2 protein chains.
Amino acid sequence: MLEMADSYQRAEPMQIRQLAALHNIPDRYLEQLLATLRRAGLIRSQRGAKGGYLLGREPWQITLLEVIDCIEGLEAKAGEKSLTTETVERAVVRETWQEACQAANTVLQRCTLKDLCERRQIKQQLDVMYYI
Amino acid sequence: MLEMADSYQRAEPMQIRQLAALHNIPDRYLEQLLATLRRAGLIRSQRGAKGGYLLGREPWQITLLEVIDCIEGLEAKAGEKSLTTETVERAVVRETWQEACQAANTVLQRCTLKDLCERRQIKQQLDVMYYI
DNA sequence: CCAAATCCTAGCTGAGAACCGGGGTATACT
DNA sequence: AGTATACCCCGGTTCTCAGCTAGGATTTGG
């Protein structure tokens, strides 16, 4: 996603091969992840020769939370039936647990791809300085 | 743990059979969980006949975070070697991720067994009122 | 001693993440 | 049009691990 955020400004799509090579991910597997992201609307695809993937929105409009929820198969349902059989103990613990999740999500929500790209650039420049 | 927090005031140990029956957990499995909790010092055990388990500390001195970290096998190490091979991208994402974990942990840290017991009691009384 | 309880160690199982492969479809370029 | 290049879809394989099962050793109260 970060690579695509960079390529977004250049308005040229990224190809699976490139992304896979850059991050040492098997390209066949990366293809599935990208399909999931596409179905969620986080990225768009261009088929055919010279095709590839592009962000679905501006880099500052995509949060880390959206990306993670997407590929981690966000299933926030199925709790309906268990609510009827849920014990009091489970309910009490679950409330605090969800409160904790909410706190974590707030952090991830605040973090956009643009933020991450900027931090990455800073880190990369620091690496160069250490090398000298 | 909540059951033991209640029994802690009565100063009598809880046995695996009782705990398992109360919460529909296979006792053989519960035994392993309790062993983990014991090794972490969260609970103490009394062997032999009339034995059982007791909290290792007062109910208000044990947080939900400790319990969860304990049974979820908190492995916060092993990141040493990967730090050397960690890419810049992973590092940037991991920082935000850990920040989110920290936020969640803060919530769980604030929640003690005593708090949960009190909330449970309130909920149970509400259930009774609904029943009438 | 004996019954009752915890302790220790090893293995089984189902679900899900990571990964691979074959064949199909759309698009750009010549 | 034809072809090469990419994405698209679906099914299967491997590996990990939480959840669970099983057998036997050890400690303690009566």
Side-chain angles (χ1 to χ4, degrees), chain A residues 1 3-4 7-8 11-56 67-79 82 85 87 89-90 93-94 97, chain B residues 1 3-4 7-8 11-56 67-78 82 87 90 93 97:
Chain A
M1 291 296 280
E3 299 298 340
M4 285 189 282
S7 78
Y8 188 84
E12 57 188 14
M14 292 288 295
Q15 294 167 3
I16 291 182
R17 295 274 180 87
Q18 305 173 24
L19 292 169
L22 278 171
H23 296 276
N24 291 321
I25 305 172
D27 51 355
R28 280 311 223 150
Y29 177 48
L30 181 60
E31 184 180 327
Q32 295 178 358
L33 299 181
L34 292 173
T36 304
L37 291 168
R38 181 180 54 80
R39 280 188 270 267
L42 289 176
I43 59 178
R44 285 174 297 127
S45 62
Q46 175 60 41
R47 295 181 67 160
K50 296 275 181 174
Y53 291 93
L54 222 57
L55 287 189
V67 179
I68 292 177
D69 277 353
C70 177
I71 67 172
E72 306 248 298
L74 109 133
E75 52 273 350
K77 71 271 183 197
S82 66
T85 33
T87 68
E89 287 80 10
R90 287 176 190 272
V93 173
R94 187 178 45 77
W97 178 258
Chain B
M1 292 296 280
E3 298 299 340
M4 286 189 281
S7 79
Y8 187 83
E12 57 188 14
M14 293 287 294
Q15 293 167 4
I16 292 181
R17 295 273 180 86
Q18 305 173 25
L19 292 168
L22 278 171
H23 296 277
N24 292 321
I25 306 172
D27 51 355
R28 281 312 224 151
Y29 177 47
L30 181 61
E31 182 180 327
Q32 295 178 0
L33 300 181
L34 292 173
T36 305
L37 291 168
R38 182 179 53 81
R39 280 187 271 266
L42 289 176
I43 60 178
R44 284 175 297 127
S45 64
Q46 175 60 40
R47 295 183 68 161
K50 297 275 184 171
Y53 292 92
L54 223 57
L55 288 190
V67 179
I68 292 177
D69 277 353
C70 177
I71 67 172
E72 306 247 297
L74 111 131
E75 52 272 350
K77 70 274 183 198
S82 67
T87 68
R90 287 176 189 272
V93 173
W97 179 258

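Here the structure is a predicted model, which means the values were calculated and not measured. Naming: A, B, ... by sequence-line order, numbering from 1 per chain.
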Closest nucleotide among C:dT27, C:dC8, C:dC20 to the B:Arg38 side chain: C:dC8
Distance, rounded to the nearest Å, where B:Glu72 contributes CD and D:dG19 contributes P: 8 Å
Atom-to-atom span, CZ of B:Arg17 to P of C:dA5 - whole angstrom: 7 Å
Touch class at under 4.0 angstrom, heavy-atom based, for B:Arg44 against every strand present: nothing
Minimum heavy-atom distance between B:Leu19 and B:Leu30, given as atom pair plus value: CB-CD2, 3.5 Å
Shortest non-hydrogen contact between A:Ala40 and A:Cys70, atoms and distance: CB-SG, 3.5 Å
Short side-chain N/O contact from B:Ser45 to OP1 or OP2 of C:dC7, under 4.0 Å: yes
Test log, rule side chain to side chain contact (heavy atoms under 4.5 Å, CB included), inputs A:His23 and A:Glu3: CA-CA 10 Å; A:His23 296 276; A:Glu3 299 298 340; 3.1 Å; yes
For the student: nearest non-hydrogen atoms of B:Arg38 and B:Ser45, plus distance: CD-OG, 3.2 Å
Residue mapping more 5' on DNA chain C - nearest nucleotide basis, A:Glu31 or B:Arg47: B:Arg47
Any donor-acceptor N/O pair under 3.5 Å between C:dG22 base and A:Arg28 side chain: yes
Whole angstrom value for the distance that separates C1' of D:dC20 from CG of B:Leu30: 12 Å
Protein-nucleotide distance (B:Gln32, atom CD; D:dG19, atom P), rounded to Å: 11 Å
Atom-pair distance (CD1 on B:Ile71; P on D:dC17), nearest Å: 16 Å
Integer-rounded Å distance: C:dC7 P and B:Ile16 CD1: 7 Å
Closest to side chain of B:Tyr29, choosing from D:dA18, D:dT5, D:dC7: D:dA18
Closest non-hydrogen atom pair between B:Leu37 and B:Met1, with its separation: CD1-SD, 3.7 Å
Touch class at under 4.0 angstrom, heavy-atom based, for A:Gln46 against every strand present: sugar-phosphate
Comparing A:Ala49 and A:Leu33 on DNA chain C - which has the more 5′ nearest nucleotide: A:Leu33
Nucleotide nearest B:Lys50 (side chain, heavy atoms from C-beta), chosen from D:dG29, C:dT6, D:dC8: D:dG29
Touch class at under 4.0 angstrom, heavy-atom based, for A:Leu34 against every strand present: nothing
Donor-acceptor pair under 3.5 Å, A:Gln15 side chain vs D:dC7 base: no
